[in-house]
Number of protein chains: 2
Amino acid sequence: MLSEKRRSRLLDHVRRKGSVRVEDLAEVLGVSVSTVRRDLDEMDERGLLRRVHGGAVAITDQPVPVETSMAERAVHNLDEKGRIAARAVDLIRPGSTVLLTGGSTTAQMVSHLPSVPDITVVTNSVAIAHAIGTTSATVQVLVLGGLLRNAELSLLGHLTTQALADVHIDLAFFSAYGLDPAYGIMGAHLAEAETDRNMITAAKHLVVLADHTKFSQRSAVRVAPVARIGTLVTDDAAPAEAVAALRAADITVIQA
Amino acid sequence: MLSEKRRSRLLDHVRRKGSVRVEDLAEVLGVSVSTVRRDLDEMDERGLLRRVHGGAVAITDQPVPVETSMAERAVHNLDEKGRIAARAVDLIRPGSTVLLTGGSTTAQMVSHLPSVPDITVVTNSVAIAHAIGTTSATVQVLVLGGLLRNAELSLLGHLTTQALADVHIDLAFFSAYGLDPAYGIMGAHLAEAETDRNMITAAKHLVVLADHTKFSQRSAVRVAPVARIGTLVTDDAAPAEAVAALRAADITVIQA
DNA sequence: CTCGTTTTGCGAGATTTTGATCATGAATGT
DNA sequence: ACATTCATGATCAAAATCTCGCAAAACGAG
């Protein structure tokens with residue numbers, strides 16, 4: 001197994017279980033305890049988990065970015081993700097049904113949504129549903145069911161896929177973990193990939209949100225080929241050659 | 001078990017019960033009393049609890065916010081609901097799957113859940129899913145899909161019902177809006193009633209949570225007859241004749 | 001293929017954690 | 001006041017885990 005894949009699976013285990021023992025990980029992954037220790041130590045360095053005697057425990061940081069008020073946004077400079085999110089919301093037509101998949105950039109769209117009349121938001125993100133429910137009374141929200149991934153607050157699995165079948169979606173917004181003009185959209189975790197693929201497939205038109213840092217992110221998991229992208233919303237700092245390549249592939253690129 | 005996890009569970013027990021004996025903790029956690037003492041001493045050192053002869057008690061250090069009389073009432077009620085919630089969590093057996101329906105009292109159960117090992121929580125409440133996701137990495141959460149009722153942050157409708165069909169539920173906890181020993185469980189809104197009925201039907205055993213104020217609440221919507229109730233958790237101030245009537249109807253009544 | 005680098009597995013010695021024992025101090029009943 | 005019971009802290013040995021160095025294996029470039 002690729003060492004990168006092993007680390008990804010290791011992190012998955014930690015996040016799923018909350019805590020794991022070195023011995024168990026070694027057995028599950030089929031490697032020695034030394035290797036597991038080295039992996040855990042490195043990921044502790046990178047802040048992905050916390051190393052403790054005998055194993056490791058998951059980090060439980062605050063994953064919910066508290067939205068700043070609309071007024072404040074109008075006065076201050078919008079940050080990169082905020083600008084991208086605002087431009088993305090411009091693409092929504094009144095009366096349509098849109099899918100927001102879990103992710104930091106899509107979450108930024110929430111505060112802009114009330115400006116579009118009569119829309120329905122479908123989402124697999126508990127964070128997004130919670131944010132809309134507590135801030136807006138006009139936006140209709142439909143939550144896809146599924147297993148909660150604690151770290152990301154997004155929903156996965158069979159129930160999510162099944163719920164998708166009963167919903168008509170005009171426009172889907174997807175927060176890319178990484179974006180390669182040749183390879184396609186990258187996902188962060190294998191566990192989420194299948195659900196992401198299903199959500200992407202369910203939409204007529206796919207809008208991908210990716211700030212310029214996403215172009216240099218590499219990952220082993222591809223959730224969709226480039227051809228599936230309808231529109232890309234990114235920022236001015238996106239690599240010019242990547243933008244050109246995507247436009248050549250008949251993709252509308254918007255730079256906020 | 002990882003020592004880190006053991007400490008976390010230990011702290012949960014202390015906070016849940018308010019106070020706890022060293023002997024009991026040793027038995028529950030499956031370690032020696034020496035280990036428990038060391039753990040308790042360290043957590044006393046860190047200010048997470050207070051060590052006393054024979055065991056430990058929870059810290060009840062209230063940061064004093066400016067309170068309107070309204071908020072003050074809410075806090076007082078919260079304490080009552082908190083006790084009911086704690087007793088309700090005691091009913092959960094390790095390894096089981098429980099349903100938490102949306103409601104203020106069921107939401108109080110969240111902070112106590114990590115003390116029960118290896119449970120799966122099924123819920124139609126975005127607030128509960130959000131709360132568990134941001135505070136605990138050990139509790140498995142499955143969210144039923146559906147339309148978001150913005151005011152309550154609970155999910156309703158066809159998708160919710162459909163998702164229920166794919167889940168096996170050992171124990172369901174329901175926050176009653178009103179409770180009449182003759183008529184049964186009352187719901188607040190007609191829109192929620194059907195989904196509530198379906199959730200109640202899906203469970204083998206139904207636990208109803210209702211503080212004493214719920215006995216005088218009147219509503220036109222009945223979501224379930226009294227006979228459907230398996231266990232009622234309420235407080236000491238519940239009307240004696242109502243408690244007697246329910247016990248006569250073969251319902252287990254717990255007064256926190 | 002050969003060389004240099006990286007990754008991995010192994011084992012010795014150091015460190016941490018744990019459970020048991022016991023003298024001492026604290027709570028309780030008479 | 002006294003005796004009795006129980007909890008405590010200290011100490012020690014055993015077990016589990018970690019660290020570190022080293023060598024074998026895997027990998028990539030030339």
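In what follows, chains are A, B, ... by sequence order, proteins preceding strands, each numbered from 1.
A salt bridge is absent between B/Arg9 and B/Asp12: the closest approach of a Lys/Arg side-chain nitrogen to an acidic carboxylate oxygen does not fall below 4.0 angstrom. In this structure, A/Asp24 pairs ionically with A/Arg21, as a charged nitrogen and a carboxylate oxygen lie closer than 4.0 Å. For B/Asp44 and B/Arg50, the salt-bridge test fails: no basic side-chain N is under 4.0 Å from an acidic carboxylate O. The pair B/Arg38-B/Asp41 does not count as a salt bridge, with every side-chain nitrogen at least 4.0 angstrom from each carboxylate oxygen.
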Handout entry: Test salt bridge (Lys or Arg N to Asp or Glu O under 4.0 Å) applied to B/Asp235 and B/Arg83, step by step
Key = CA-CA 8 Å; B/Asp235 55 54; B/Arg83 281 203 307 276; over 6 Å; no
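Using a 4.5 Å heavy-atom cutoff, the side chains of A/Met186 and A/Leu179 are not in contact.
Atom CZ in B/Arg21 sits roughly 17 Å away from atom P in D/dT5 (whole-Å rounding). What separates CE of B/Met1 from C1' of D/dT17 is a distance of 18 Å, to the nearest Å. Per the geometry, CG belonging to B/Asp41 stands 9 Å off C1' belonging to D/dG9, to the nearest Å. To the nearest angstrom, C1' of D/dG9 lies 16 Å from CD of B/Glu42. Atom P of nucleotide D/dC18 and atom CZ of A/Arg37 are separated by 4 Å, given to the nearest angstrom. B/Leu25 has its CG atom 13 Å from the P atom of D/dA7, to the nearest Å. Atom CG of B/Asp39 is separated from atom P of D/dG9 by 14 Å (rounded to the nearest Å).
The nucleotide range of DNA chain C contacted by chain A, defined by atoms under 4.0 angstrom from heavy atoms of the protein and reported 5' to 3', is C/dT8 to C/dT17.
Checking B/Thr231 against B/His205 by side-chain atom types alone, a donor-acceptor pair falls below 3.5 Å.
Nucleic acid contact class of B/Val36 (heavy atoms, under 4.0 Å, all strands): none. When heavy atoms are screened at a 4.0 angstrom cut-off, B/Val22 is found touching the sugar-phosphate backbone but no base atom. Contact annotation for A/Thr35: backbone-only contact, meaning every heavy-atom pair under 4.0 Å involves sugar-phosphate atoms and none involves a base. Within 4.0 Å (heavy atoms only), B/Val31 reaches sugar-phosphate atoms of the nucleic acid but no base atom.
When the nearest nucleotides of DNA chain D are assigned to A/Ser34 and A/Glu23 by heavy-atom distance, the more 5′-ward of the two goes with A/Glu23.
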